[in-house]
Structure formats: C-alpha cells, structure tokens
Amino acid sequence: MSEPGKDSIGNALARVVLYAVIVAIVMGILQWFFTQGVDLLVKTTKLEGLRVLKDYATYVYIIVLLALGWMIVGSVAQLFYTMLKPRYGASSAAAVRSMVKILGLGGLLAGIAGGVAGGAAGVALGGFIGLVIGFATQQVLGQAVAGMFILLARPFKIGDIVDIAGENGVEVKDISTMFTIVQRSDGVEVLIPSSMIIGQKIAIRKRA
C-alpha cells in the first residue's frame, strides 16, 4: 500500500498536468475555430454575418486563459502545499500556497496582456503590467515573504519569551504570514509585522 502523502502529491501533480493538457486542447480548438471554423461555418450556412465572430476572438482567448490559467495556478499552489505540509506543518505550507497564488496571478495577468498585444508591444505591456502589480503589492508581498521565511525557519515558537522588534520580555502568542502576535507583561497584545522581524536580532529568554 502506498503512503497517503505520496498519493496526495501524485494527485496534485496529476491535476497540474491535466489542466495543462486541457489548456493546450481548448486553445487549439479555439485557434482552429477562429481561423478556419468560422469560414467553414459561413460557407455551410451562407450567413456572412457570422464572420463577426472573429472580432470577439481576443475576448474569448482572454476569458478562457484567465479561467484555465487560474486553475493551473491553484493546482500548482496546492502541489506546493501538499509537498511542504508533512515537513513544515499546515500553517507554513498554507503561507507558501498563498504566495504561489499571488505570484501566479500576477504572472498570469502580465503574460495574457503581453500575449494579446503581441510583438515588442506585448513584451512592453506585459512588463509594464507586471511592474504595476509588483509596486501595488510590494508591501503585502514583502510581508508575506518575510512571514513565510519565519514559518519555515522557526527562529522562535509559540510560548517563547523573546526580545523582538523593540519589544522586550514578551510572550509569543501566534505566528502567521503577515504578523507575529506577542503579549506584554501587562496583557497588551502587539502585532509585529513580519518584515520588521527579518534581519533583526532576536533574543529568546528562559522562563523564570
């Protein structure tokens, strides 16, 4: 009997391959339809007005690529989650999954924009949209990446008494992708952004 973890990874990988094959088949069918199928349909029905369908080809491509592309991004993110969960735990794996989805969506939008425009203009447009998305999500992505490293490296754990980001002798109550929650001795809880923790000195105290 095979191990459950391997079965899950195999299923997640199979979904990635399946969605990639579906994208190739669907895009091939659409390409044939808008280049030859419409002409064949007009020739068969004698309805010249059907040629207007070609004008909507770009919009159909965009909708299909967004839908199927997001399915692939989601399946790749789930594959990362399945691979990392047994070793690093559900919270760390979920952080990586969210990061893959965010980056995948940005890449998908930039790629579709560049492909629709085509040529040098497409490369420029795709790069511009990627740049805009990068600037718009810079702080959030920075926080998420920092939180992911904290979850994977585990420099401290819940319940530790630490000196961190200017807070001295506080107890770690929770560790998430965006924030680490600590509690002061007076009971006040403080949310410390993950980006403030990375690159700073952390002191872990022994309990009295």
Side-chain angles (χ1 to χ4, degrees), residues 1-86 90 92-138 140-141 144-145 148 177:
M1 183 180 295
S2 58
E3 298 177 15
K6 292 183 178 179
D7 288 341
S8 298
I9 293 174
N11 292 336
L13 183 59
R15 281 195 296 271
V16 174
V17 175
L18 176 62
Y19 291 151
V21 171
I22 290 175
V23 169
I25 293 174
V26 171
M27 293 307 296
I29 293 173
L30 289 176
Q31 181 71 17
W32 174 85
F33 177 76
F34 286 115
T35 56
Q36 302 179 36
V38 172
D39 293 334
L40 182 61
L41 188 61
V42 170
K43 184 177 180 181
T44 303
T45 62
K46 307 299 183 182
L47 297 175
E48 290 294 329
L50 291 176
R51 293 189 187 278
V52 74
L53 291 174
K54 290 187 176 183
D55 297 335
Y56 297 95
T58 300
Y59 304 106
V60 173
Y61 287 144
I62 292 174
I63 293 172
V64 171
L65 284 174
L66 277 175
L68 296 180
W70 180 246
M71 290 170 62
I72 292 178
V73 169
S75 60
V76 171
Q78 186 62 32
L79 177 60
F80 274 92
Y81 176 83
T82 305
M83 291 189 300
L84 295 174
K85 183 180 176 181
S92 299
V96 175
R97 180 175 59 187
S98 299
M99 178 61 53
V100 171
K101 285 185 176 181
I102 293 172
L103 295 177
L105 179 60
L108 180 63
L109 293 175
I112 290 176
V116 169
V123 174
L125 180 59
F128 174 73
I129 291 180
L131 190 63
V132 170
I133 293 173
F135 275 119
T137 59
Q138 182 178 14
V140 175
L141 285 176
V145 170
M148 182 181 69
T177 308

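Any value given below was found using the heavy atoms of this structure, including those in side chains, with hydrogens, waters and symmetry copies removed.
- Every pair tested for salt bridge (Lys or Arg N to Asp or Glu O under 4.0 Å) that includes a residue from residues 16-37 fails, sequence neighbours excluded, so the list is empty.
- For the atom pair L40 CG and W32 CH2, the distance stands at 5.5 Å (nearest 0.5 Å).
- Note: L79 CG to I72 CD1 = 13.0 Å, rounded to the nearest 0.5 Å.
- R51 approaches V38 most closely through the heavy-atom pair CA-CG1, 3.9 Å.
- For the residue pair G74 and K101, the shortest heavy atom distance occurs at CA-CE, 4.4 Å.
- Counting only residues at least two apart or on different chains, no salt bridge (Lys or Arg N to Asp or Glu O under 4.0 Å) pair has a member in residues 25-37.
- Evaluation of the ring-ring contact (aromatic ring centres under 6.0 Å, His included) rule for F34 yields Y61 as partners, not counting sequence neighbours.
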Check step by step if side-chain contact (heavy atoms from CB on, under 4.5 Å) holds for Q78 and V16.
CA-CA 9 Å; Q78 186 62 32; V16 174; over 6 Å; no

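- Minimum heavy-atom separation, L68 to V23: CB-CG2, 3.5 Å.
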